[in-house]
Amino acid sequence: MAKQITSRAEDYSQWYVELVKLADLAENSDVRGCMVIKPYGYAIWEKMQQGLDQMFKDTGHVNAYFPLFVPKSMFEAEEKNAEGFAKECAIVTHYRLKTDPAGNGKLMVDPEARLEEELVVRPTSEAIIWNTYKKWIQSHRDLPILVNQWANVVRWEMRTRLFLRTAEFLWQEGHTAHATAAEAEKETRTMLDVYADFAENFMAVPVIKGKKSEGEKFPGAIDTYCIEALMQDGKALQAGTSHFLGQNFAQAFDVKFTGKDGKLEYVWGTSWGASTRLIGGLIMAHSDDDGLILPPKLAPIHVVIVPIFKNDQELSAISEVADKLMKELKAAGLSVKFDNRDTHKPGFKFAEYELKGVPVRLAIGPRDLEQGTVELARRDTREKKSMKATDVATEVPSLLDDIQKNLYRKALKFREDMTTPVNSWDEFKKVLEEKGGFLLAHWDGTAETEAKIKEETKATIRCIPLDAPVEKGKCVLTGNPSNQRVLFAKAY
RNA sequence: CGGGGUGUAGCACAGCCCGGCUAGUGCGCUACGUUCGGGACGUAGAGGUCGGAGGUUCGAAUCCUCUCACCCCGACCA
């Protein structure tokens, strides 16, 4: 036993960090606050991109790319948005280095090369995009514009955690423009549904759809919708957001169109995004003390084949069987890896692929050759069974399906167990402290109460659930009347 | 930006308080051999500006000054 991960019970965040590193997903770089996403971690991101991108295309969106830099004057045009991000912007002030005249062989910023106007490194792209949309839109015939971009953004975070919060991260941001408020609102909700669909069907993570409170919403938006997922430590993670921007950005950037009636009106907008943070959520939702557990739909490798052999003769005999299985499984659309390294023992490989969360493992040894069998092991339940080699190609696809469903079921049950309606302030504090998870509580709807709860307990309103039933009640803190329960939790 | 901490081999660390010969340990790495159905073992090896600069001293990883970087805890956040 060489690599042992800190258990979740012992120290959840330590477990997370070690897992990310040991599973080869990412590491801290020598650049402050920035991470290196390693090939295996990036492969998961590519799977996420493929899934989301297809869903965006299916809902009528197209991809484009906008600049990394935003001139300060453009950035500040929408005041609330600019203010909201001001504290965490990286700014380019110079465009040239020169040799240090001190003769130390070093470079220095050339003071002569100061930019006329500073460039903000985008923390999000509304500004440059709405500046561009102004040129694209004159008539209702130019609408809607349904554009998405896959990009990196920079937010100068004080404290960073791999995938969950880094100074630079990868994401997609959709930016749409519409002729009517109703259409933009519909788009906002459509994309929220896309995110929820993705989270549940690809990530196997159940989410709660809701609206953000005034205090938690995106600066510059009229309404912010989100999906909230629950991690195994009982903390919430926002997994995607969709904003109804109203005419805020259209007004700030003077984007108007002529309607069918000939009248000039400001354009209605939305924006929506999901980031590499999803990878963090994926890890924290399913994985265990032995390593990652990946849902088949996002696993870079579906099946790994581990040969058990003493010598070259055995290996080549096993390879024949393995090659045949690989062909069959690949034909079924699966990604398969045959690990025929002779530098590591089977036990080492078993542990390694468990660490990396490969959903299905096939082991083939001399005994299997004699009997025409393979040993099949599934990562999620750790079950092992022997089966006929000829059945593999038909059984594995449905097994993967079952794993995908099982992970979702398990996560859903966990969330249900960890969602607690509370009716008094004492109960609120007690449940939050002792159990954690989601708390459903009445709230009087004021920012003051929200802030006070946050200050006293660290719990925030994750969202006002969309499907919450109307229910008369009293605010858990103030006792003032309330019409529905909202979702509270400590959050990442 | 406050408060704490750490920089010694690819990684994790010991040594520092109380200065002393050639700077260690584990993992990893290289070669060879034996192993191989749950993280193998043996033997032999390679690998270091002790974060950087300056100072004290016969002598500094160790003491002093300065400096840089990173990590953790808080306030802020996808």
Side-chain angles (χ1 to χ4, degrees), chain A residues 1-5 11 13-14 17-18 21-22 27-34 83-89 104 122-124 151-173 195 212 215-219 221 224 226-229 236-243 271-281 290-291 306-312 314-315 318 340-355 361-371 373-377 382 384 386 454-455 458 460 462 491-492:
Chain A
M1 296 294 267
K3 296 170 181 172
Q4 188 72 48
I5 313 173
D11 185 340
S13 36
Q14 188 65 28
V17 173
E18 287 177 16
K21 290 182 179 168
L22 289 173
E27 60 191 38
N28 284 307
S29 73
D30 286 344
V31 185
R32 190 190 117 91
C34 298
E83 257 181 57
F85 285 106
K87 300 179 297 296
E88 46 184 346
C89 285
N104 53 12
R122 63 178 168 217
T124 180
N152 57 340
V153 287
V154 170
R155 296 182 188 175
W156 213 258
E157 299 292 347
M158 289 297 162
R159 263 167 68 44
T160 61
R161 294 187 70 189
L162 292 167
F163 288 118
L164 298 173
R165 175 157 296 113
T166 46
E168 181 193 13
F169 59 93
L170 305 182
W171 76 346
Q172 59 65 218
E173 45 180 326
Y195 288 139
K212 285 293 188 191
E216 295 279 330
K217 79 176 191 193
F218 177 72
T224 288
C226 62
I227 52 172
E228 293 287 329
L237 183 85
Q238 179 175 309
T241 51
S242 185
H243 314 292
S271 66
W272 28 273
S275 72
T276 37
R277 175 178 238 210
L278 289 178
I279 298 174
D290 294 316
V306 177
I308 293 150
F309 60 97
K310 288 194 177 70
N311 51 50
D312 288 351
E314 279 182 4
L315 176 59
I318 292 165
N340 60 358
R341 288 176 296 174
D342 60 2
T343 49
H344 296 275
K345 293 180 61 177
F348 179 91
K349 294 177 185 175
F350 291 175
E352 184 175 20
Y353 294 108
E354 275 158 17
L355 186 61
R361 180 185 75 226
L362 299 174
I364 310 173
R367 287 206 299 275
D368 293 303
L369 287 185
E370 282 171 28
Q371 297 163 17
T373 57
V374 301
E375 183 197 72
L376 180 146
R382 319 288 309 250
K384 283 198 264 194
S386 186
K454 182 177 178 183
E455 195 181 322
K458 303 268 186 206
T460 49
R462 298 322 303 154
Y492 276 99

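Numbered from 1 within each chain, the chains take letters A, B, ... in sequence-line order. From a predicted model like this one, the values you see are computed outputs, not experimental measurements.
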Colleague: Which nucleotide in the set G39(B), G37(B), A78(B) lies at the smallest distance from any side-chain heavy atom of Arg277(A)?
Modeller: A78(B)

Colleague: Can you confirm whether Lys217(A) sits close enough to His243(A) that some side-chain heavy atom of one is under 4.5 Å from a side-chain heavy atom of the other?
Modeller: no

Colleague: Sticking with atom P, work out how far C32(B) lies from C21(B), rounded to a whole angstrom.
Modeller: 38 Å

Colleague: From CD1 of Ile308(A) over to C1' of G39(B), roughly how many Å is that when rounded to an integer?
Modeller: 14 Å

Colleague: With C1' as the reference atom in both, quote the distance from G48(B) to G10(B) in angstrom, rounded to an integer.
Modeller: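 After rounding to an integer number of Å, I get 12 Å for this pair.
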
Colleague: So Asp368(A) and Ile318(A), do their side chains get closer than 4.5 Å, heavy atoms only?
Modeller: no

Colleague: Using a heavy-atom cut-off of 4.0 Å across all strands, would you classify Glu157(A) as base, sugar-phosphate, or nothing?
Modeller: base

Colleague: Between C77(B), A75(B), G37(B), spot the one nearest the side chain of Glu375(A), thanks.
Modeller: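 Selected nucleotide: G37(B).
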
Colleague: Using the C1' atom on both, measure A46(B) against C1(B) and round to a whole Å.
Modeller: 46 Å

Colleague: So for Lys384(A) and G38(B), does any side-chain atom that can act as donor or acceptor lie under 3.5 Å from a complementary atom in the base?
Modeller: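 Yes, a donor-acceptor pair under 3.5 Å.
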
Colleague: Nearest nucleotide by nearest heavy atom, which residue falls closer to the 5' end of RNA chain B, Ser13(A) or Ala491(A)?
Modeller: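 Upstream on the strand: Ser13(A).
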
Colleague: With the side chain counted from C-beta on, respond yes when Asn28(A) and Lys21(A) share a heavy-atom pair under 4.5 Å apart, and no when they do not.
Modeller: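 Of all side-chain heavy-atom pairs linking Lys21(A) with Asn28(A), at least one is under 4.5 Å.
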
Colleague: Could you work out the separation of G59(B) and U22(B) based on their C1' atoms and round it to a whole Å?
Modeller: 15 Å

Colleague: Report the C-alpha separation of Arg361(A) and Glu352(A) in whole Å, then their side-chain angles, then the decisive distance to 0.1 Å, and conclude whether the salt bridge (Lys or Arg N to Asp or Glu O under 4.0 Å) test is met.
Modeller: CA-CA 11 Å; Arg361(A) 180 185 75 226; Glu352(A) 184 175 20; over 6 Å; no

Colleague: So what does Phe218(A) touch, heavy atoms closer than 4.0 Å: a base, only the sugar-phosphate, or nothing?
Modeller: nothing

Colleague: Find the partner of G33(B): check Watson-Crick (N1-N3 plus N6-O4 or O6-N4) and G-U wobble (N1-O2, O6-N3) distances, both under 3.5 Å, and reply none if neither fits.
Modeller: C41(B)

Colleague: Out of G39(B), A78(B), G38(B), which has the shortest distance to the side chain of Arg165(A)?
Modeller: A78(B)

Colleague: Between C1' on C11(B) and CG on Asn28(A), what's the gap in Å once rounded to a whole number?
Modeller: 14 Å

Colleague: How far, in whole Å, is U67(B) from G20(B) if one measures between their P atoms?
Modeller: 28 Å

Colleague: Starting from P on A78(B), measure out to CZ on Arg122(A) and report it in whole angstrom.
Modeller: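 To the nearest whole Å, that distance equals 18 Å.
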
Colleague: Classify the nucleic acid contact of Arg361(A) as base, sugar-phosphate or nothing, counting any heavy atom under 4.0 Å across all strands shown.
Modeller: base

Colleague: Considering only C36(B), G39(B), G74(B), which nucleotide approaches the side chain of Lys458(A) most closely?
Modeller: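 Nearest to the side chain of Lys458(A) among the choices is G74(B).
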
Colleague: Just checking Thr166(A): base, sugar-phosphate only, or nothing, at a heavy-atom cut-off of under 4.0 Å?
Modeller: base

Colleague: Taking all non-hydrogen atoms of both residues, which atom of Ser275(A) and which atom of Phe169(A) are closest, and how far apart?
Modeller: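 Smallest interatomic distance, heavy atoms only, reads CB-CD1, 3.7 Å.
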
Colleague: Using atom P of each nucleotide, how far apart are G7(B) and G54(B) to the nearest Å?
Modeller: 22 Å

Colleague: May I ask you to say what Glu314(A) touches in the nucleic acid, namely base, sugar-phosphate or nothing, with a heavy-atom cut-off under 4.0 Å?
Modeller: nothing

Colleague: With a 4.0 Å cut-off on heavy atoms, is Leu164(A) in touch with a base, just the backbone sugar-phosphate, or nothing at all?
Modeller: base

Colleague: Just call it for Asn311(A): base, sugar-phosphate, or nothing, with non-hydrogen atoms closer than 4.0 Å on any strand.
Modeller: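 No contact at all - Asn311(A) keeps every heavy atom at 4.0 Å or more from the nucleic acid.
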
Colleague: If the P atom of G51(B) is compared with that of A60(B), how far apart are they to the nearest Å?
Modeller: 15 Å

Colleague: Are any non-hydrogen side-chain atoms of Thr124(A) and Phe85(A) less than 4.5 angstrom apart?
Modeller: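 The answer is yes; the side chains approach within 4.5 Å.
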
Colleague: Please determine if Arg165(A) forms a cation-pi arrangement with Tyr492(A), meaning its NZ or CZ atom is less than 6.0 Å from the six-membered ring centre and no more than 45° off the ring axis.
Modeller: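 Not satisfied by the 6.0 Å and 45° rule.
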
Colleague: Counting only side-chain heavy atoms from C-beta out, which of A78(B), C77(B), A75(B) sits nearest to Arg155(A)?
Modeller: A78(B)

Colleague: Between G24(B) and U34(B), how far is it from one C1' atom to the other, in whole Å?
Modeller: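 The same atom, C1', in both gives a distance of 30 Å.
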
Colleague: Can you find a donor-acceptor pair, distance only, under 3.5 Å between Glu354(A) side chain and G38(B) base?
Modeller: yes

Colleague: Out of U35(B), G38(B), C77(B), which nucleotide sits closest to the side chain of Lys345(A)?
Modeller: U35(B)

